[in-house]
Each structure stands twice: as structure tokens, then as C-alpha cells.
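Working notes, beginning with the structure itself.
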Amino acid sequence: MLPTSPLKKRAAQKEKSQFTPQDEFSDLNPPISYRHLLSPHPGARDPLRVIALCDSDAFYAACEQVRLGVDPSRPLVVRQWDALIAVNYPARAFGITRMSSWRDALKKCPELTVVHVATYKEGDNAPGYWDNPDTATHKVSLDYYRRESAKIIAIFKECLPDGEIEKASIDEAFIDFTRPVRAELLARYPYLGEVPADAPNGLDTILPPPPPISWEGRGILIPIAPPPEDQAGPVSGTGTHTEDEEGDDDARRTWHDVALSIAAEFMDKIRAEVRIQLGYTTSAGIARNKFLAKLTASYKKRDSQSILRNAAIPNYLIPMPFQKIRFLGGKLGKAIADKFEVSSVGDLLPISIDEMQQKFGEDSIWVYEIIRGIDRAEVKEKPTLTKSMMASKNLPRPITKSSEGPHWFRVLAAELALRLNELRATDISAWPKTIVLHARHRYDWSRSKQAAFPFTRNVTADVIAGYADRLWKDLVGSGSKQDGSLPYSVTTIALGFSGVEAGETGQQSIEGFFRPETSTTSRLDGDGNDRQRTHGKKDQRETEGSSDDIQEIEPESTASFVCPRCHKRIEVELGDDGEGESEERRAKALMEHGDFHVAEDLSKMPDDGISGRSSQGLRAVERERKRKRESSARVEGITKFLVRRRDE
DNA sequence: GTACTTCAA
DNA sequence: GGTTGAAGTAC
């Protein structure tokens with residue numbers, strides 16, 4: 001229970017009341033009953049919840065070190081143009097930081113290995129490693145790191161089939177250990193599995209005292225500072241106590257600590273697995289929720305893991321600069337710091353929720369809870385497939401002519417084509433719904449245009465670049481100036497796919513696209529409508545005729561769809577090797593037909609913008625301008641039809 | 001759906 | 001600082 005209203009608290013603080021910041025942490029030792037332990041679905045409020053965040057140390061540098069077979073104890077940095085984007089720990093020992101320039105780094109450490117990140121240039125169909133790529137002609141590729149990242153996640157999953165894993169960025173993931181830890185808890189302490197006959201409150205009986213914990217080899221414990229003299233600790237209430245060297249502490253030990261220690265064992269094994277199989281060292285934080293796990297991981301970095309027991313939360317959090325907290329590192333955090341002239345979590349604790357809400361509205365509740373160590377966010381497994389895919393380039397010299405765009409599209413498009421096709425090696429049905437082109441003017445603002453991207457099999461750099469050309473014209477206008485100069489200089493060009501889908505949703509869409517054809521008769525029955533739409537195309541009649549005649553034809557051995565664009569009926573032979581194969585054939589057929597339309601689109605690409613009219617000219621730069629869109633004359637891909645069908 | 005912004009690593 | 005990716009907002 002919170003001791004008093006926040007407003008009173010603030011007033012009280014001014015008069016130097018007995019309130020200490022520690023009093024704000026009211027939920028450090030929640031009662032844990034048999035019901036908690038045995039309930040089938042642990043949620044965010046589970047007192048035995050255990051979350052870890054695991055990240056790779058100097059990830060890009062580690063990738064290069066492993067790729068090149070460099071001795072891990074040797075200093076190595078990853079260079080991007082003149083800057084460094086990763087510095088391994090041996091190199092940090094020389095005082096090299098990510099802010100150093102590559103030449104300075106080499107001065108500090110002559111034996112430094114400097115690896116420039118992989119790059120593309122126009123015409124390349126794969127990124128390559130060069131010692132001195134030119135930013136005027138090349139763009140960097142982070143593809144190798146993405147692939148290595150995926151391997152790490154795969155190991156996490158292998159090691160922990162029952163744990164939820166959420167990839168948080170290229171080099172870090174949250175792991176929810178709650179379920180595996182609970183299973184282990186019951187295995188190690190079988191007496192917890194049954195409510196004792198003499199338990200006073202049945203399932204709601206509090207668990208017996210936890211056993212001693214050996215933290216040896218399980219990670220670094222964030223210390224519980226002993227409470228000040230003649231003041232009870234916020235949790236134990238049992239008066240004086242001391243903490244031994246191991247950090248175990250009879251008075252404060254809880255079953256949650258046991259859970260943390262088991263999670264730490266698991267985490268350690270998983271990290272060892274990553275190190276052995278891939279050669280990457282990692283750091284992890286283990287705590288009761290996501291945000292604390294994240295903060296704990298940064299306690300001691302480099303091939304280690306740290307553990308934050310509930311009892312250690314206040315002393316860890318109070319001196320913490322709150323802008324280190326996830327989502328407070330940006331504008332919101334700065335606004336709060338400026339408004340209240342504070343910098344640490346402890347400074348923020350006395351500020352009442354009302355006071356905060358006046359300025360920061362909805363966000364306040366989240367902030368109020370987070371600085372008290374409360375975070376109910378779930379570890380949610382994200383689909384393996386990323387929803388978007390973007391390739392971007394900061395231009396060394398801003399471009400001022402419209403004609404300078406296409407060169408960069410071809411570079412960006414080559415990368416996108418490679419990445420999409422690589423994705424399709426495993427997810428054949430992966431398809432991006434839209435293609436987006438961004439152009440940024442200086443560091444002030446940017447504009448973007450998007451269009452439907454067709455469901456097509458052969459996604460080549462040319463196809464992508466072709467669509468980008470049209471978006472470019474829509475974005476910067478065409479013919480607005482005689483000499484082809486742009487209405488504004490462009491410092492960044494980014495080309496990407498969004499709405500990338502595959503697997504289940506992709507297959508569902510494809511299913512919906514085809515009409516079920518369990519027998520030849522049922523197909524003929526339902527044909528009236530289709531005939532109207534197909535305008536009696538010849539090939540349609542032919543396929544129908546033949547299937548009508550050949551009665552031996554296996555049910556479901558063929559399927560067909562009518563293209564909404566050309567109204568042709570397309571017949572597909574399905575495989576008989578099970579669902580996987582016929583699914584693949586359906587997808588292929590759709591894409592092959594899409595290819596035809598892509599070719600058609602590209603061959604009669606207008607000089608105009610996509611909407612068929614010249615787009616906003618100079619005036620477009622003004623952000624106030626109203627945009628009127630013509631929705632009718634957009635590129636109609638099969639994709640669009642698929643999307644609509646799925647909703648029906 | 002489209003264009004734009006914010007946050008993070 | 002450059003290159004990504006996701007999510008939220010306004011329309």
C-alpha cells in the first residue's frame with residue numbers, strides 16, 4: 001500500500017519528514033502462495049515472474065572478429081566511412097570509443113584491426129568488404145549482422161522451447177523465464193507441488209520459507225545496501241540484519257530469489273551455448289520485469305550476467321539517471337528533466353502523479369510506475385518475419401537534380417532485391433504490400449510516397465528501381481523546372497518495403513484468392529459470375545472444357561483464380577505431395593502472373609507521377625499544403641486484390 | 001490506407 | 001553519426 005497521497009508526500013518531503021525514497025517501493029516482497037505457483041497461466045502480475053535481457057557485446061565488432069577468425073583478445077573496430085560503429089573490448093582498453101575517428105583510433109593503437117562494414121555500389125549484386133569504399137558511390141550493408149543475429153535467436157529458442165523470446169533489436173532479446181523456471185522449481189522442490197493437508201488457507205496458503213541460495217557462478221548480484229541505522233528496511237521489517245558476502249540473506253530471501261537464481265542458471269547455459277556455437281560473448285540482466293532486466297544487463301558488461309533481486313531495486317534505481325530508462329532517453333525524458341529540473345529516479349519520486357499529469361498527461365502513469373520498478377509489459381514473441389525492410393543512404397553531397405536520384409535507387413534496390421529474395425528462400429510466399437520512397441531535406445524534414453507493390457516472383461533490382469522511379473517523380477515533382485533541378489535538396493534517400501507478410505497470413509491470403517475446387521461439377525456450378533468477369537476469354541473456356549471432360553481428374557489437383565486486373569482465369573496444377581507443395585504452387589502461379597503485369601507496368605511507365613498527373617511542385621515543400629489524392633488511378637496490383645479478399 | 005514523427009540500437 | 005526497424009498519430 002502506498003503510504004500516503006503523492007501530494008502530501010511532496011509537502012512532507014519539504015519539511016524533512018521521515019519519508020525516504022525507499023518508501024515508494026511498496027511491492028518488493030509480495031506474498032507468494034501455492035495458487036501463484038500452480039496457476040496454469042502466469043501473467044505480468046505473477047510474483048514469480050522472471051525476465052532476462054541478453055545482448056551481445058560490441059556485436060558488429062564480434063561479428064567481424066568471428067568472420068575473419070581474428071583472435072578475440074586483439075583490438076578490433078568496425079568502421080563506417082570515417083567513423084566507428086563498433087569497438088571491441090580489447091580496443092576500448094586503448095581508449096578508443098565509438099566517437100573516435102578511424103584515424104585517431106589507429107594512432108591510439110597501431111596494431112588495431114580496422115574492418116570497414118560491407119558495402120554495395122551500383123551494379124553489385126551482393127555486398128562486399130573493401131578497405132576504402134567511397135561514400136560517394138557506395139552504401140553500407142548490415143545484412144551480415146542481421147543473419148548472425150538470427151542465428152543467436154535460433155539458439156535461444158532451441159535452448160528454451162517453453163520460454164517466450166522477444167527480439168528487441170539486432171543484438172538483444174528479452175526472454176521470459178517464468179514458465180521454465182516454475183517447472184524447475186517444482187522439480188527441485190517437489191513439496192511445493194502439493195498444498196499440505198494442514199495448510200490454513202488451502203491454495204492461498206503462503207509457501208514455506210525458501211531454501212538457502214548459492215549464487216556462486218550464477219552472476220553478479222546487484223547489492224542490497226544495508227538500510228540506514230535504526231530504520232527498518234522497506235521490506236523485511238524484521239529490524240537489523242546483515243548481508244553476507246555471497247549476498248544471501250536469510251531475512252530477505254524469497255522464493256522469487258530462488259526463481260531468479262534458477263533463471264540465472266538457465267541464462268548462463270544459453271550464453272555458453274551461443275559462445276561455443278557462434279563465438280559471441282553476451283551480457284544479460286535478470287530481474288522481475290523487462291525494464292529492470294534491461295537496466296540490469298548494463299550493470300556489468302562483457303561476458304557476464306547480473307541479477308537484480310527485488311530487495312535490491314530501490315538502491316539500484318534511486319541514483320539512476322532516469323534518462324537511461326528505455327523510452328525516457330528521448331524527448332519525453334528530456335522534457336521531464338527540464339520541467340522538474342531533475343536527473344535521477346530519486347529526484348523524480350517525490351513528484352506527485354497529479355503534478356506530472358498536468359504536464360505529461362497519459363505518459364505520467366507509465367513513468368510513475370516505471371520509476372518505482374513496476375513494468376507490466378509482456379515479453380511478446382514477434383513474428384520472425386520483419387514487417388518492413390528499408391535501405392537508406394545519407395548522401396555525402398545533397399543532390400539537387402532530379403536525374404541524380406535513379407543512380408541511388410539502383411543501389412538501394414539491389415540491396416532490397418537481395419534481401420527479399422533471401423527471405424523468400426525460406427518463406428516463398430513473403431511479399432511486401434507496399435513500396436515506399438523517402439526523401440529527406442537537410443535535417444529538417446522528409447517526405448515519402450508509397451504505392452502498392454505487386455505480388456511478383458521475380459523481384460529484381462530493376463523492378464524495384466522502376467517503381468522507385470515513379471515514386472520519385474511523384475515525390476519531387478516532374479518538369480517543375482526546366483533544368484531538372486529539384487524543388488529542394490535531398491540529403492537522404494530511403495527505399496523500402498512495408499507490410500511484408502509471409503507464412504500463415506500469406507498463405508491465408510493465397511487460399512482466399514483461389515476458389516475451392518473439390519470437384520469439377522462444383523466449379524462449373526459457380527462459374528456464372530466468373531464468366532461475366534472474364535468476358536468469355538478463350539483460355540478460360542478451354543480449361544473448363546477439358547476439366548469437364550476428364551472425370552478421372554483428382555479432386556483438388558488443380559486450382560484457378562481470376563486476375564482482377566486482366567480478368568483472365570489462371571489454371572494451376574497442384575502437387576500431390578501434400579499441402580506444402582500445392583501451397584507453393586499456388587503462390588508461384590500468382591507471382592508468375594504478377595510478373596506479367598510488372599513487365600507491362602514498367603514498359604509503359606509514364607513520365608508523369610503515379611497518379612497520372614504531375615504532382616505538387618515547388619509549393620509541395622511547404623508543410624502546410626493540403627494534399628488531395630486521387631485514389632482511383634493507383635497502381636492496381638494483384639496485391640491489392642489479395643488484401644481486400646482477406647478482409648472479406 | 002497514406003504521410004509523417006518518434007524512439008532506439 | 002549513419003543505417004536501420006517498429007510503433008504511434010493525424011487524416
Side-chain angles (χ1 to χ4, degrees), chain A residues 53 55-60 78-86 97-102 116-120 127 133 135 138-146 149 166-173 294 297-298 323-335 362-363 377 380 382-383 385-396 411-412 415-416 419 433-441 443-452 471 474-475 491-500 610-611 615-616 620 623-631 634-635 639-640 643-644 647:
Chain A
L53 178 113
D55 68 84
S56 301
D57 302 324
F59 183 54
Y60 292 175
V78 181
R79 177 189 154 200
Q80 179 176 270
W81 315 131
D82 285 333
L84 300 182
I85 54 172
T97 69
R98 291 209 331 188
M99 292 301 133
S100 322
S101 83
W102 143 70
H116 196 288
V117 64
T119 53
Y120 283 95
T135 182
H138 291 62
K139 87 164 284 298
V140 320
S141 164
L142 303 178
D143 229 19
Y144 184 76
Y145 311 135
R146 284 188 201 101
S149 171
E166 175 182 332
K167 188 175 177 194
S169 77
I170 195 156
D171 73 341
E172 48 178 31
K294 165 94 181 156
S298 62
Q323 287 177 341
K324 274 197 186 176
I325 294 171
R326 219 158 72 114
F327 300 125
L328 291 178
K331 294 196 172 181
L332 177 60
K334 172 132 185 26
E362 276 299 295
D363 295 329
K380 193 126 180 67
K382 294 183 182 153
L385 195 63
T386 53
K387 296 184 197 75
S388 64
M389 199 184 272
M390 187 167 60
S392 67
K393 169 75 186 170
N394 282 357
L395 302 166
V411 180
L412 301 176
E415 184 182 337
L416 283 177
R419 284 168 61 187
K433 274 191 302 190
T434 44
I435 178 167
V436 195
L437 181 70
H438 301 260
R440 194 179 66 185
H441 171 69
Y443 281 80
D444 302 341
W445 47 267
S446 71
R447 293 181 60 202
S448 66
K449 280 283 175 190
Q450 53 184 314
L471 290 169
D474 213 28
L475 202 50
T491 49
T492 304
I493 292 184
L495 184 62
F497 292 130
S498 67
V500 182
I610 276 181
S611 58
S615 36
Q616 302 81 7
R623 313 196 58 213
E624 260 54 62
R625 97 214 103 94
K626 293 260 178 191
R627 248 173 265 177
K628 286 176 194 151
R629 260 170 237 113
E630 296 164 38
S631 57
R634 307 235 149 225
V635 178
T639 305
K640 272 213 155 159
V643 171
R644 215 180 312 131
D647 295 338

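Just so you know, these numbers come straight off a predicted model, no measurement behind them. Letters A, B, ... mirror the listed sequences (proteins, then strands); counts begin at 1.
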query = NZ of A:Lys449 versus P of B:dT2: gap in Å, rounded?
reply = 10 Å
query = Quick one: A:Leu53 CG to B:dA8 C1', roughly how many Å, whole number?
reply = 13 Å
ask   = Which part of the nucleic acid does A:Asp82 contact within heavy-atom distance under 4.0 Å: base, sugar-phosphate only, or nothing?
value = nothing
key: Side chain to side chain, A:Asn394 and A:Trp81, heavy atoms closer than 4.5 Å   = no
Qualifying residues under side-chain hydrogen bond (donor to acceptor under 3.5 Å, both in side chains), relative to A:Thr491, sequence neighbours excluded = none
query = Under the salt bridge (Lys or Arg N to Asp or Glu O under 4.0 Å) test, which residues partner A:Lys324, sequence neighbours left out?
reply = none
message = Expressed as a whole number of angstroms, how long is the span from A:Leu437:CG to B:dC4:P?
response = 12 Å
task = Check the distance between B:dC4's C1' and A:Trp445's CH2 and give it to me in whole angstrom.
result = 12 Å
message = Expressed as a whole number of angstroms, how long is the span from A:Glu166:CD to B:dA9:P?
response = 13 Å
ask   = With sugar-phosphate meaning primed atoms plus P, OP1 and OP2, does A:Gly329 contact a base, only sugar-phosphate, or nothing at under 4.0 Å between heavy atoms?
value = sugar-phosphate
key: side-chain N/O A:Lys334 vs B:dC7 OP1/OP2, d < 4.0 Å   = no
message = My understanding is that only residues two or more places apart in sequence, or in another chain, count here; which of them pass side-chain hydrogen bond (donor to acceptor under 3.5 Å, both in side chains) with A:Arg326?
response = none
ask   = Can you name the residues that form a side-chain hydrogen bond (donor to acceptor under 3.5 Å, both in side chains) with A:Ser169, not counting sequence neighbours?
value = A:Asp171
note = Reading nucleotides 1-11 of chain C from 5' to 3' and marking B where a protein heavy atom lies under 4.0 Å of the base, S where only the sugar-phosphate is that close, and - otherwise, the string is BSSBBSS----
task = Would you indicate, yes or no, if B:dC4 has its OP1 or OP2 atom less than 4.0 angstrom from a side-chain nitrogen or oxygen of A:Ser448?
result = yes
request  = To the nearest Å, give me how far apart CG (A:Leu328) and P (B:dC7) are.
outcome  = 10 Å
ask   = With A:Asp55, which residues qualify under salt bridge (Lys or Arg N to Asp or Glu O under 4.0 Å), at least two apart?
value = A:Lys301
